[in-house]
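These notes are about the structure you will find just below.
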Amino acid sequence: MGRKLRVGSTPTFGTHGMRVGILTGGGDCPGLNAVIRAVARRSQVRGDEVVGIRSGWRGLVDGWFEPLGPREISGLLPRGGTILGTSRTNPYKVEGGVDRVLESFRAEGLDALVAVGGEDTLGVGARLFEETGFPVVGVPKTIDNDLSATDYTFGFDTAVWICTEAIDRLHTTAESHNRVMVVEVMGRHTGWIAVMSGIAGGADVILIPEQPITVEQACREIQHRHERGKDFSIVVVSEGYELTYESGEQRLVTQEPATDEFGHVRLGGVGHALGADIEERTGYETRVTVLGHVQRGGSPTPRDRVLASRFGLKAADLVAEGSFGRMAALHGDEIVDVSLAEATAELKTVPEDWYEVAKAFFG
Ligand code: F6P
């Protein structure tokens with residue numbers, strides 16, 4: 001049964017004087033602060049007040065608010081991370097969580113919420129909107145680029161840039177030492193970061209969850225390179241790739257069995273397992289680099305700063321129009337709005353034709 005939202009007063013959208021809350025949830029991501037700045041700038045110009053909510057949905061469950069005035073948003077554009085903090089809290093998994101969200105929203109006198117996040121954070125927003133009419137607008141964030149209904153999420157370009165630079169640097173060691181260098185990159189369920197940085201960095205083999213070539217096939221590609229006189233190789237593997245063998249055996253490498261409040265296992269480590277396998281099967285000296293959270297750290301690229309800024313302005317405009325249950329999205333070069341339900345219904349995976357581009361350079 002849907003809950004009814006009880007807000008203190010009924011705001012008139014399109015006029016100023018609203019109180020707009022903003023939260024950032026899920027993994028941190030370059031460009032979050034640029035979104036916060038853009039939402040605040042556009043809202044403040046209209047005469048609306050912007051309130052920061054600390055630590056994602058956790059801040060609404062527990063009522064953690066802070067002012068976001070002109071002074072607080074100054075200097076934010078190039079800053080990595082999020083000044084609001086973040087968490088992977090799921091109010092639907094906290095005792096009384098949804099009622100506490102609705103109550104603290106009302107008690108703080110908020111009229112609208114901008115939720116900046118990926119599938120989990122926005123999935124909560126979509127469900128709250130559907131069940132209670134909660135006045136939420138979404139902004140698509142994730143380095144993984146796996147959200148549907150938008151061509152790109154902000155943060156992805158920065159992650160790809162960081163990985164490409166790492167691959168370039170690893171190339172020099174691979175070449176000097178005649179080694180196989182395995183690079184493990186993030187992307188929980190999808191291989192977007194692996195495919196894009198692998199193509200950009202000239203990887204010789206790329207392994208992703210969506211198109212799981214076998215370990216034997218990967219070794220054959222490396223051997224083929226050696227036969228044609230290239231005695232070093234770069235292998236990019238996505239953390240979510242399941243080690244797949246011609247016997248039919250498949251194995252997902254996780255760090256620990258525990259899952260988070262959204263049911264995700266912690267990935268990481270497939271690179272080491274794959275590297276050991278490659279060395280044993282080919283006899284070539286192999287080294288492994290796990291890029292990990294370096295991919296999410298630091299300043300956003302110019303492209304991500306621009307995208308995050310455009311998304312933030314759009315979100316503020318959606319709030320002003322009273323267009324709730326919507327998400328800012330990129331279609332081609334246009335910023336549009338799509339339904340939060342559509343954006344979070346399923347993940348956007350790497351299609352076969354993208355993987356074909358990568359495969360053209362294997363071996
Ligand atoms: O969703 C972004 C992401 O960086 C994934 O690529 C990765 O699997 C996960 O978050 C890591 O999460 P945490 O920062 O909690 O270790």
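The figures here come from the full heavy-atom set of this structure, side chains too, leaving out hydrogens, waters and symmetry mates. Each residue takes its place number in the sequence, starting with 1. First listed ligand is number 1; within each ligand, the first listed atom is number 1.
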For this session: Could you tell me whether the side chain of Arg37 and the main chain of Ile73 form a donor-acceptor pair under 3.5 Å?
Result: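 Absent.
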
Problem set entry | NZ/NE/NH1/NH2 to OD/OE distance under 4.0 Å, Asp304 and Lys141 |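 Not counted as a salt bridge, because no side-chain N and carboxylate O are separated by less than 4.0 Å.
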
For this session: Run the salt-bridge test on Arg169 and Glu165 with the 4.0 Å N-O cut-off and return the result as yes or no.
Result: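 Yes.
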
Exercise. Is the NZ or CZ atom of Arg305 both under 6.0 Å from the centre of the six-membered ring of Phe154 and within 45° of that ring's axis?
Worked result: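 No.
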
Exercise. Side chain to side chain contact (heavy atoms under 4.5 Å, CB included) with Leu267: which of Glu239, His189, Glu184, Gln255?
Worked result: Glu239

Please tabulate, line by line, the atom pairs linking an N/O of ligand 1 to a protein N/O at a distance below 3.5 Å, with the distance in Å to 0.1, or answer 'none'.
| residue | atom | partner | partner atom | Å |
| --- | --- | --- | --- | --- |
| ligand 1 | 1 (O) | Asp144 | OD2 | 3.0 |
| ligand 1 | 4 (O) | Arg296 | NH1 | 2.8 |
| ligand 1 | 6 (O) | Asp144 | OD1 | 2.8 |
| ligand 1 | 6 (O) | Asp144 | OD2 | 3.3 |
| ligand 1 | 6 (O) | Gly187 | N | 3.2 |
| ligand 1 | 6 (O) | Glu239 | OE2 | 3.3 |
| ligand 1 | 8 (O) | Glu239 | OE2 | 2.5 |
| ligand 1 | 10 (O) | Arg88 | NH2 | 3.2 |
| ligand 1 | 10 (O) | Arg296 | NH1 | 3.1 |
| ligand 1 | 12 (O) | Arg88 | NH2 | 2.8 |
| ligand 1 | 14 (O) | His293 | NE2 | 2.9 |
| ligand 1 | 14 (O) | Arg296 | NH1 | 2.9 |
| ligand 1 | 14 (O) | Arg296 | NH2 | 2.9 |
| ligand 1 | 15 (O) | Arg88 | NE | 3.2 |
| ligand 1 | 15 (O) | Arg88 | NH2 | 3.2 |
| ligand 1 | 16 (O) | His293 | NE2 | 3.1 |

Exercise. Mind checking whether His226 and Tyr284 have parallel, tilted or perpendicular rings, split at 30° and 60°?
Worked result: parallel

